[in-house]
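Note that the coordinates shown come from a computational prediction; the quantities given were computed from them, not determined experimentally. Counting starts at 1 for both ligands and their atoms, in listed order.
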Amino acid sequence: MSKAKGSLSVNGVSLVYSAGEKSVLALDGISFEVRPNEFTVIVGPSGCGKSSLLYIAAGLTDATSGHIHTGGQMVTGPGADRGMVFQAYTLFPWLTVRNNVGYGLKRKGIAAAERQKVVDYYLGEVGLAAFADHYPKQLSGGMMQRVAIARALANDPDILLMDEPFGALDSQTRHTMQRLLLRVWEHAQKTVAFVTHDIDEAILLGDRVIVMTARPGKVKADIRIDIPRPRDPEIVLEPEFIAIKRRIINELRDEIDETH
Ligand SMILES: Nc1ncnc2c1ncn2[C@@H]1O[C@H](COP(=O)(O)OP(=O)(O)O)[C@@H](O)[C@H]1O
Ligand SMILES: [Mg+2]
């Protein structure tokens, strides 16, 4: 297990959900290691436990067995070393956009002037500078998601845990957010664990794509993406891209998607 800052080690993680008499094995002995600054993408059929895995890494759910370490420390709860962007919009409804984005910075004791600078920078990056004083209920779903992304980035965590963060965005905004994320990732040197069901997105963004089996989720394949960066969006038309895409689709083909 790596002790390096920004490393993410998943060791034999299993998760059982119990509801009354019934119990559901959601994750079954997942292990993988993410190097500092590595961009790892996780794909798998619906219901295979991707969100559960990120919740465990975030410290919001306890594994039934196994452990996750970040920077060599065992995860026992949420921490400022990890930033999260989840599917559901998790903004504070009683705070303005500006104060949502600056929330973590304020908690860290960053002075107001510095906070303002960082918040304005990231609000500009996600195209929401004009909405700084709005409240979440005044925004569309996609805009709220962009605020959540700005908030995670503003906190400058070592590790970003992102669960289908762009799933609710239209394709134009999605591409803009993908470019923003890559720019921040390249400059600020972050480890990313990113869940998506969009295979093009997985290959465009990732250093590596982990394919999970249907529930109970296990690691089925771990595919390195050696396409040089920066990756032009048109790369999706190139044979090397299509070959990787075919491989991922083949890995997923035999897995049953719970929602279909
Ligand atoms: N709180 C919960 N209680 C019981 N079962 C749950 C709970 N959350 C998720 N599950 C079940 O665990 C499995 C994995 O869920 P999830 O992690 O959301 O998968 P994914 O994100 O890959 O779609 C699914 O079968 C889901 O129904
Ligand atoms: Mg999910």
Review point. Do Phe92 and Tyr135 have their ring centres less than 6.0 Å from each other?
Key: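 For Phe92 and Tyr135, the ring centres are not under 6.0 Å apart.
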
Using every non-hydrogen atom in the two residues, find where [X] and [Y] come nearest and quote the distance to one decimal.
X      : Y      : result
Ala63  : Leu15  : CA-CD1, 4.4 Å
Thr96  : Ala132 : CB-O, 3.7 Å
Arg208 : Glu33  : NH1-O, 2.7 Å

Revision key, fill the gap. The side-chain hydrogen bond (donor to acceptor under 3.5 Å, both in side chains) partners of Arg179 (sequence neighbours excluded) come to none

Practice item. Take the Mg ion (ligand 2) and tell me which protein N, O or S atoms are nearer than 2.8 Å. Key: Ser51 OG

Point to revise | Donor-acceptor contact below 3.5 Å, side chain Thr196 vs main chain Glu201 | key: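 No: the side chain of Thr196 does not pair with the backbone of Glu201.
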
Practice item. Examine the side chains of Thr191 and Asn37 and answer whether a donor and an acceptor come within less than 3.5 Å of each other. Key: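 The criterion, which ignores hydrogens and geometry beyond distance, is not satisfied for Asn37 and Thr191.
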
Review point. Would you say the side-chain atoms of Asn11 and Ser31 include a donor-acceptor pair closer than 3.5 Å?
Key: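 Short answer, no.
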
For ligand 1, output the ligand-protein N/O contacts shorter than 3.5 angstrom; if there are none, return none.
{"residue": "ligand 1", "atom": "8 (N)", "partner": "Tyr17", "partner atom": "OH", "Å": "3.4"}
{"residue": "ligand 1", "atom": "17 (O)", "partner": "Ser52", "partner atom": "N", "Å": "2.9"}
{"residue": "ligand 1", "atom": "17 (O)", "partner": "Ser52", "partner atom": "OG", "Å": "2.5"}
{"residue": "ligand 1", "atom": "19 (O)", "partner": "Gly49", "partner atom": "N", "Å": "3.1"}
{"residue": "ligand 1", "atom": "21 (O)", "partner": "Ser51", "partner atom": "N", "Å": "2.9"}
{"residue": "ligand 1", "atom": "21 (O)", "partner": "Ser51", "partner atom": "OG", "Å": "2.8"}
{"residue": "ligand 1", "atom": "22 (O)", "partner": "Cys48", "partner atom": "N", "Å": "3.2"}
{"residue": "ligand 1", "atom": "22 (O)", "partner": "Gly49", "partner atom": "N", "Å": "3.0"}
{"residue": "ligand 1", "atom": "22 (O)", "partner": "Lys50", "partner atom": "N", "Å": "2.9"}
{"residue": "ligand 1", "atom": "22 (O)", "partner": "Lys50", "partner atom": "NZ", "Å": "2.8"}
{"residue": "ligand 1", "atom": "23 (O)", "partner": "Gly47", "partner atom": "N", "Å": "2.7"}
{"residue": "ligand 1", "atom": "25 (O)", "partner": "Arg215", "partner atom": "NE", "Å": "3.0"}
{"residue": "ligand 1", "atom": "25 (O)", "partner": "Glu258", "partner atom": "OE1", "Å": "3.1"}

Point to revise | Residues which pass side-chain contact (heavy atoms from CB on, under 4.5 Å) with Ala58, listed by chain and number, not counting sequence neighbours | key: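 For Ala58 the side-chain contact (heavy atoms from CB on, under 4.5 Å) partners, ignoring immediate neighbours, are Leu60, Met84, Phe86, Leu161.
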
